[in-house]
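Note on naming: letters A, B, ... go to the chains in the order of the sequence lines (proteins, then strands), and numbering restarts at 1 for each one.
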Protein chains: 2
Amino acid sequence: MEKDYIKSQGLIGVTARVRRLNDRLMSTGRNVYKALNLDIEPNWHLILLLLEQNKKMAVTEISSTLKFSHPAVIKILKKMQEKDFLIGEKDPKDQRKQLFSLSEKAISLLPEYKEKWKLIEEIQKEYFVSEFLKALEKLESKLEETPIEEKVNEFINKK
Amino acid sequence: MEKDYIKSQGLIGVTARVRRLNDRLMSTGRNVYKALNLDIEPNWHLILLLLEQNKKMAVTEISSTLKFSHPAVIKILKKMQEKDFLIGEKDPKDQRKQLFSLSEKAISLLPEYKEKWKLIEEIQKEYFVSEFLKALEKLESKLEETPIEEKVNEFINKK
DNA sequence: TACATTTGCGTAACTAGTTACATAAAAACA
DNA sequence: TGTTTTTATGTAACTAGTTACGCAAATGTA
């Protein structure tokens with residue numbers, strides 16, 4: 001007993017389930033960071049690793065490579081800067097751009113962080129079996145190719 | 001070129017991808033509803049279908065069967081009530097409870113809505129191949145059984 | 001070179017969920 | 001029966017994203 005109603009309903013609740021999954025992952029992310037004494041917030045690792053490779057990046061470069069909206073990126077960068085993980089400077093060649101790079105603090109903490117992220121990834125692997133990742137990837141590509149809206153419009157016009 | 005950086009990074013961005021997927025599904029949901037002239041908001045269908053079966057339900061009954069937090073449910077119910085889809089009444093046997101049921105309007109619109117939802121589900125089926133749903137279900141169950149936090153704690157204690 | 005367009009950034013307001021807290025009614029219990 | 005605990009609801013504040021809009025700098029063009 002105590003079945004999951006939404007699971008039993010097929011596709012009618014799939015969006016809600018995906019949200020539920022995200023909420024759960026975010027929440028465990030916070031808990032795990034706390035347990036491991038990692039003083040960072042969600043998605044910071046993406047930016048730290050990106051800047052480790054690319055050294056200096058502007059807001060829109062980051063937002064387009066992560067596929068986040070630029071206001072989302074700005075919010076994250078601001079917080080990271082407040083906590084001294086990042087340094088921001090005006091691009092001398094283009095006064096509109098702000099270039100972000102890792103601070104000394106970030107660089108010195110990174111090795112320890114990377115070890116902990118590796119551990120987390122190891123544990124995640126037990127949950128995200130390859131079938132899920134493959135199916136997710138397939139779905140993402142399909143949605144990219146032909147948005148659901150298009151198919152619906154096709155149907156409407158046919159009618 | 002123009003590859004998806006996050007996809008290429010394995011598990012480190014999986015939470016962000018799940019969120020991205022949800023954002024996309026929500027957005028196409030709104031678009032599709034508009035295109036089909038369905039004047040309802042996300043998740044209303046879950047409640048309409050639930051109340052069609054169960055006639056009268058209290059807030060916490062709904063929230064526990066949908067596995068939404070009760071404040072989330074209250075917000076949805078309020079909006080639905082404002083748009084005359086629902087009727088709310090005090091439970092005479094328990095003055096704390098408010099029982100919600102479908103309005104005449106909702107009942108008369110439901111057949112048309114259900115047809116449109118069926119169409120949407122038909123189109124969704126082309127995207128959410130069974131592998132995705134199975135993998136999602138497996139992941140949900142696994143997270144339910146042993147939360148990731150537990151595994152992390154195990155590791156910490158072992159060390 | 002002057003003007004129009006595009007690009008990059010920033011802020012504001014919105015969205016769909018959450019947790020935390022408050023209160024009143026009901027239920028359990030001494 | 002009087003008191004404590006639990007349950008149901010409601011509200012407030014937070015979260016992590018989005019779109020919409022405005023402005024200034026850079027770029028393209030007549």
Any donor-acceptor pair under 3.5 Å joining the side chain of [X] to the base of [N]?
X     : N      : result
A/K75 : D/dT18 : yes
B/R96 : D/dT9  : no
B/H70 : D/dG10 : yes

If you check the [X] side chain, which of [options] turns out closest?
X     : options                : result
A/F68 : C/dA16, D/dG17, D/dA26 : D/dG17
B/T60 : C/dA26, D/dG10, D/dA8  : D/dA8
B/I76 : C/dA25, C/dG17, D/dT19 : C/dG17
A/Q95 : D/dA16, D/dA25, C/dA16 : D/dA25
A/D94 : C/dA16, D/dA25, D/dT18 : D/dA25
B/P71 : C/dA20, D/dA8, D/dA26  : C/dA20
B/R30 : D/dA16, C/dT18, C/dT15 : C/dT15
A/I74 : C/dC9, D/dG17, C/dA24  : C/dC9

**Report entry** Residue pair B/L38 / B/Y113, side-chain heavy-atom distance below 4.5 Å
**Finding:** yes
Are [X] and [Y] ion-paired here, with the side-chain N under 4.0 Å from a carboxylate O?
X      : Y     : answer
A/E144 : B/R24 : yes
B/D94  : B/R96 : yes
B/D4   : B/R20 : yes

Query raised in the report: Nearest nucleotide by nearest heavy atom, which residue falls closer to the 5' end of DNA chain D, A/K79 or A/P92?
Result: A/K79
What is the nucleic acid contact for [X], judged by heavy atoms within less than 4.0 Å: base, sugar-phosphate only, or nothing?
X     : answer
A/N43 : sugar-phosphate
A/P42 : sugar-phosphate
B/R24 : nothing
A/K78 : sugar-phosphate

Report task. Answer yes or no: does atom CG of A/D39 have more than 12 heavy-atom neighbours from other residues, nucleotides or ligands under 6.0 Å? Result -> no
Query raised in the report: Distance check: side-chain N/O of B/S69 vs OP1/OP2 of C/dT18, anything under 4.0 Å?
Result: yes
